[in-house]
Amino acid sequence: MCHTEPLFAVRDADFYNLRFASTRVMTIPEFEEIVEQNDQTEARREHLERLGELVGNVYPNKFARSSISGSEDTISRLIAFEPVVAAGAKMAAIKASLKEGERPPAEAKDELNERLRSLGTVRIAGRLTTPSRGNFVHLTDGIGKFQIYCDKKGGFGLVRNDGADTLDPENGWTAWKLIDHGDFVGVEGYLFVTNTGEVSLHVEKLQFLAKAMVPMPDKMHGIADPEIRQRQRYADLIASSLQVKSEPPASAGGPDLTTREVFEIRAKVISSLRRCLEDHGYIEVETPMLTPKATGAAAKPFVTHHNALDITLYARIAPELYLKRLVVGGFEKVYELNRNFRNEGISYKHNPEFTMLEFYCAYMDVNGMMDFCEQMMQEAIQKATGALKISYEGNEINFTEFRRSSMKEAVIENYPDRWNFFHSDFAAFLDDPLQANKVNLYTYRVYIKELESGFDPTSLNTAEAKENYERFAETIWESVDELVKIPTQSPGSALAEIFEMVAESVLVQPTFIIDYPKSISPLSKASPQNPQIAERFELFINGMEVANGFSELNDPKEQYDRFVDQMSERERGDEEAMVLDEDYVRALSYGMPPAAGIGIGIDRLVMLLTNKHSIRDVILFPHLRPERKAAEEEPSS
RNA sequence: GGUCCGAUAGCUCAGUCGGUAGAGCAAGUGGCUUUUAACCACUGGGUCGCAGGUUCGAGUCCUGCUCGGAUCACCA
């Protein structure tokens, strides 16, 4: 058989059926290019060959674990199994009564061993956490470690992987020496306790289960390179299960969580939030990820194309408007816990896809929602970490009570004195920071920029100097960074901007910021007391926005007007102004009960609870630039 | 995108003034076998991120690039 064209010369365009794809020919890399070859992998390959001669199939299909612990004996279950714990504790007590270097008395050990042996034959499986050179090694299931003992003198059998599990009584030790750090084995034997008090498994039968072809990470340091930790999360997880935990210095305030522990806490937080919502009668729903309109939040979307329908679709930036359609439809309490996508910057607190919990409750207002949010988060934090006070980057964060403060109060409270020389009537300035008299927000932005680069405001100690400065600010306005010049359309967004400049970063303890300007809250209901204020809050912890909620606007005509305002902002150049969703307006016209809703950023919450500085440390596979070898060229467009 | 920092053995890291490339772990061989980061002896292992430049000579100095981290701006 002869191919006139190379077998693997698939064109990307055909492969993906994308008319705009490049026509670059795909090249298939060699196995050796993907899995680096060196002296270490060569040794492992040789071991694997020799093992193959001893056991037959080196990648057998299964290993049946025993169930002495009541169900399948995973290593974690076995460690926590009561008789194992009791034997360990007994031995520890005996050891404590001994002098340094003294061995425990044989009778006491024998009695414990007899009891352990009476538990019966144990079969466990796992990955070797150390090289097999010694006769004591630990197996890990990714969480816990259990010690096994291979007795060279006494010998042990080798199970051949021939489908019938034939026992080779001779070659246990020979095979043992061919097993490498990181390989998977299954062992059968009985439990005993060592002189040092560790309950271990005495191996009677050894079965080879799978090979690690590449060397394991450093057992003391794990993987230090954050790039490898994130790109090859599997290696990072292995490293954290193999790593020898050393005692942290007392000053460090406890050990760092392993990668595995971080994601276990994440899972606990999520399951606790789900349980709490379900206990309160909420129902989980799934709304579209691919949407014809990117709306429900202010953000730039990812754009894609559906070939069959020949339409543009957007990865959703928020499920909000779909969830409220469901409230219209009669779901009084709904939630969705899933991914949102935003085509914006990547930073320590931003990933292009992030997990958001959104939920809506009919007949509730913003105050009820804050109460419920506080209670639910306290429950989740208590379950995940065992306490309501946590230590984050050196700050103690206390979740026992969440503060509430209006945006304006937060600005006044945190306003640095040295920023304040402009304003004889500061409160009036905050009511309308765009006012033309005295100083406007643009002058103000220049001033803040100046302060950041070391400008001393005390030099402006006379009225004349201030006026000169204001003129100066106007002249240098022309030369400042484009970003500084982004026009602000309303007093409300100006206040929000000042809030972000002066207050956001200092809100370390959990604080609900309330009384948001209506103009920047196009989906919120206005306050009955003040039509300029929305019944909206955001929750800040450690200077990070963690949640955003409000009394939902349910008047279809007003919602339409707010969308129209947003669209005119968009026309003026604000790319993030919200897009009009006609069907949503139609949905509201069927009648939506009064309701409150909230979105909670799960990744950020998990960052706080795991003391991680970067969102990438709490996302299993965060987005990174694709790997590219130096020799590879840019695909032609 | 701006600024600063980093890339050396499979892993974690040293490398002084520009002068033969180092350690621990891991690996190989032999020994030991109730150890706890096991131990003892010996051995192998390097395109110093990539490409240029300066120099008699570059891991080290200079320029550009790639990748990553921190930080600032947009953003949750």
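Owing to the predicted nature of the structure, the values given are computational and were not obtained by experimental measurement.
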Gap between atom CD1 of A:I598 and atom CE of A:M376 - 0.5 Å precision: 6.5 Å
Per-nucleotide protein contact string for nucleotides 2-14 of chain B (B base, S sugar-phosphate only, - none; heavy atom under 4.0 Å): --------BBSS-
Are there any protein N/O atoms within less than 3.5 Å of an N/O atom in nucleotides 28-31 of chain B, and if so, which ones and at what distance?
{"from": "B:G28", "atom 1": "OP1", "to": "A:H47", "atom 2": "NE2", "distance (Å)": "3.0"}

Aromatic ring pairing A:F192/A:F136, orientation class (parallel under 30°, perpendicular over 60°, tilted between): tilted
Sugar-phosphate, base or nothing in reach of A:Q230, heavy atoms under 4.0 Å: sugar-phosphate
Residue-phosphate contact under 4.0 Å: A:H181 side-chain N/O, B:A37 OP1/OP2: no
Along RNA chain B (nearest heavy atom to each residue), the more 5'-positioned of A:F192 and A:E344: A:F192
A:R231 side-chain N/O to B:C67 phosphate OP1/OP2 under 4.0 Å: no
Candidates B:C67, B:A76, B:A27 - which lies nearest the side chain of A:E227: B:C67
Aromatic ring of A:F354 stacked on base six-ring of B:A76, 5.5 Å, 30°: yes
Proximity of A:F540 and A:F499 rings by center, below 6.0 Å: yes
Any residue meeting salt bridge (Lys or Arg N to Asp or Glu O under 4.0 Å) with A:E353, in chain and number order, not counting sequence neighbours: A:R339
Side chains of A:I600 and A:M356 in contact at under 4.5 Å (non-hydrogen atoms): no
d(CD1, A:I148; C1', B:U34) in whole Å: 14 Å
Side chain to side chain, A:M370 and A:F402, heavy atoms closer than 4.5 Å: no
Distance-only criterion, 3.5 Å: show the donor-acceptor pairs between side-chain atoms of residues 110-117 of chain A and protein atoms not counting sequence neighbours.
{"from": "A:E111", "atom 1": "OE2", "to": "A:R115", "atom 2": "NH2", "distance (Å)": "3.1"}
{"from": "A:N113", "atom 1": "OD1", "to": "A:V193", "atom 2": "N", "distance (Å)": "2.7"}

A:Q147 side-chain N/O to B:U34 phosphate OP1/OP2 under 4.0 Å: no
Touch class at under 4.0 angstrom, heavy-atom based, for A:A239 against every strand present: nothing
Residue pairs passing the salt bridge (charged side-chain N to carboxylate O under 4.0 Å, His left out) test where at least one lies in residues 143-155 of chain A, sequence neighbours excluded: none
A:E500 CD to B:C74 C1', straight-line distance once rounded to whole Å: 10 Å
Secondary structure of RNA chain B in dot-bracket form (Watson-Crick or G-U wobble, distances below 3.5 Å, | marking inter-strand pairs): (((((((..((((.....[..)))).(((((.......))))).....(((((..]....))))))))))))....
Atom-to-atom span, CG of A:L242 to C1' of B:A26 - whole angstrom: 12 Å
Value in whole Å for how far the C1' atom of B:C74 lies from CE of A:M544: 18 Å
